[in-house]
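On a predicted model such as this, the values are computed, not experimentally measured, just so you know. So you know, we letter chains A, B, ... as the sequences are listed, proteins then strands, and number each from 1. Values below: every heavy atom of this structure, side chains too, minus hydrogens, waters and symmetry copies.
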Number of protein chains: 2
Amino acid sequence: MDRLTSHIDTIAGNCIAVRLRLLNRVVTNLYDDALRPLGLKASQLNILIVAAKLGLARPAKVCEILQLDTSTLSRNVERMRAQGWLEVVPDDDARAQPFRVTSRGMRLIEKAFPKWEAGQRQAEALLGEKGIALLDKAAKKLGGPSADR
Amino acid sequence: MDRLTSHIDTIAGNCIAVRLRLLNRVVTNLYDDALRPLGLKASQLNILIVAAKLGLARPAKVCEILQLDTSTLSRNVERMRAQGWLEVVPDDDARAQPFRVTSRGMRLIEKAFPKWEAGQRQAEALLGEKGIALLDKAAKKLGGPSADR
DNA sequence: CGCAGACAGTTGCATATACAATTAAATCCG
DNA sequence: CGGATTTAATTGTATATGCAACTGTCTGCG
């Protein structure tokens with residue numbers, strides 16, 4: 001077995017990215033499937049929830065919490081605004097484009113909750129208690145969302 | 001605190017998808033940054049490695065291993081073929097489009113190895129030993145890639 | 001043989017994602 | 001005040017991803 005072959009085996013057997021990305025695809029699909037009847041995706045529910053927690057959501061702040069590129073958020077917000085789930089709020093600073101969840105967006109969260117639970121249950125079964133705890137720990141390191149924001 | 005508010009807090013405080021997706025973005029960026037000098041993305045390295053392990057890679061098999069939609073793989077392979085990293089191999093069954101890593105693709109893996117190590121180190125620091133072990137366990141449940149394939 | 005159904009992949013379409021470049025506005029400071 | 005810098009977000013471009021619909025090929029069966 002030559003050097004290159006052993007490199008291939010090392011990556012195949014240990015790469016964190018390949019495993020995390022695979023798991024992400026599977027889990028995202030669980031939630032997307034559950035939420036599909038509402039025309040809502042997991043990515044959008046993430047944003048909706050963060051915005052709901054913030055009240056007034058400043059894009060830079062949301063991006064920090066979710067570790068999202070600002071350009072990504074910009075377009076996601078635009079799509080969700082088009083659906084009437086978010087609305088942009090005027091601000092003193094003319095550069096800013098803070099937004100908030102509309103009442104329609106709030107009703108959507110309400111309808112989404114049982115669907116979210118369904119996806120969450122499946123994801124829990126996949127990861128187990130320990131997996132969830134570890135995920136939580138890693139996400140906290142990155143300043144991710146938590147109940148107290 | 002009304003019912004909807006408590007739903008929002010429940011999701012914000014417990015959602016596996018939001019955490020996993022966040023972690024996935026961060027970790028994917030670590031590898032993408034490390035691999036950027038080679039014009040290679042983490043997603044593509046995944047495919048390259050699986051194909052290298054398989055020798056002759058059948059799209060359906062690769063999709064099963066990586067839990068990827070066939071349409072996603074189809075396009076990724078096309079891009080990588082355009083780079084000269086993969087080549088399609090003729091097959092008895094005219095429906096099939098098996099592919100393999102070219103020698104140029106193999107040289108790319110060689111150059112990518114130290115870059116991969118850099119990303120891997122950072123990801124390890126982020127997840128810790130236990131995190132990695134749990135990730136491995138979850139990925140195995142899904143028939144993900146492992147050293148012996 | 002010939003056709004119905006299964007199977008392997010691709011194509012159309014939409015969202016998610018990030019980097020680089022850009023626009024516009026606020027702020028700093030001489 | 002006014003230009004240089006910083007900040008906030010958007011726009012251009014490219015890849016990644018998945019669902020639905022489609023194309024072509026194979027297979028089984030009467």
Provide, to the nearest angstrom, the distance between the NZ atom belonging to A:Lys41 and the P atom belonging to C:dC13. 17 Å

Nearest to the A:Ser74 side chain among D:dT10, D:dC19, D:dA16, which nucleotide is it? D:dT10

Are a donor atom and an acceptor atom from the side chains of B:Tyr31 and B:Gln122 found within less than 3.5 Å of each other? no

Among C:dC19, C:dG9, D:dA9, the one nearest B:Pro59 by side-chain distance: C:dG9

What is the minimum heavy-atom distance between A:Leu40 and A:Ala112, and which atoms define it? CD2-CB, 4.0 Å

Phosphate-side-chain proximity, A:Gln44 and C:dA16, N/O vs OP1/OP2 below 4.0 Å: yes

Take the protein atom CZ of A:Arg79 and the nucleotide atom C1' of C:dA16, then report the distance between them rounded to whole Å. 6 Å

A:Asn24 CG to C:dT17 C1', in whole Å, measures 11 Å

Among side-chain atoms of B:Ser6 and B:Asp9, is any donor-acceptor pair under 3.5 angstrom? no

Are the side chain of A:Gln67 and the backbone of A:Glu64 linked by a donor-acceptor contact shorter than 3.5 Å? yes

How close or far is atom P of C:dC19 from atom OH of B:Tyr31, stated in whole angstroms? 17 Å

Classify A:Asn29 by what it touches in the nucleic acid, base, sugar-phosphate, or nothing, heavy-atom distance under 4.0 Å. sugar-phosphate

Measure the distance from CZ on B:Arg58 to C1' on D:dC26 and round it to the nearest whole Å. 14 Å

Are the side chains of A:Leu86 and A:Leu48 in contact, using a 4.5 Å heavy-atom criterion? yes

Side-chain N or O of B:Arg21 closer than 4.0 Å to phosphate OP1/OP2 of C:dT17: yes

For A:Asn46, which contact category applies under a 4.0 Å heavy-atom criterion: base, sugar-phosphate, or nothing? nothing

Nearest listed nucleotide, side chain of B:Asp33, among C:dC19, D:dG18, C:dA18: C:dC19

At less than 4.0 Å, is any side-chain N or O atom of A:Asn76 found next to OP1 or OP2 of C:dT15? Yes or no. no

Just to confirm, is there a sub-4.0 Å distance from OP1 or OP2 of C:dG9 to any side-chain nitrogen or oxygen of B:Thr70? no

Got a second to check how far A:Arg75's CZ is from A:Ser71's OG, nearest 0.5 Å? 5.5 Å

If only side-chain N and O atoms count, and only distance matters, is there a donor-acceptor pair under 3.5 Å linking A:Arg79 with A:Asn76? yes

Give, ordered by number, those residues of residues 80-111 of chain A having at least one heavy-atom distance below 4.0 Å to an atom of DNA chain C; if nothing qualifies, reply none. A:Asp92, A:Asp93, A:Ala94, A:Arg95

Between P of C:dT17 and CG of B:Leu30, the distance in whole Å: 16 Å

In whole Å, what is the span from the CD atom of B:Glu78 to the C1' atom of D:dT17? 17 Å

Hey, is B:Glu78 close enough to B:Arg81 for a salt bridge, meaning N to O under 4.0 Å? yes

Phosphate oxygens OP1/OP2 of D:dT10: is one of them under 4.0 Å from a side-chain N or O of A:Ser71? no

Bend angle of the helix from C:dC1-D:dG30 to C:dG30-D:dC1, end axes from five pairs each (to 10°): 0°

Passes salt bridge (charged side-chain N to carboxylate O under 4.0 Å, His left out), B:Asp136 versus B:Lys140? Steps please. CA-CA 6 Å; B:Asp136 230 75; B:Lys140 276 217 176 72; 3.2 Å; yes

If you pin B:Leu68 and A:Leu73 to their nearest nucleotides in DNA chain D, which one's is more 5'? A:Leu73

Taking CZ from B:Arg25 and C1' from C:dA16, how many angstroms apart are they, rounded to a whole number? 9 Å

5' precedence on DNA chain D between A:Arg75 and B:Asp69 (nearest-nucleotide basis): A:Arg75

Is the closest side-chain donor-acceptor distance between A:Thr5 and A:Asp2 under 3.5 Å? yes

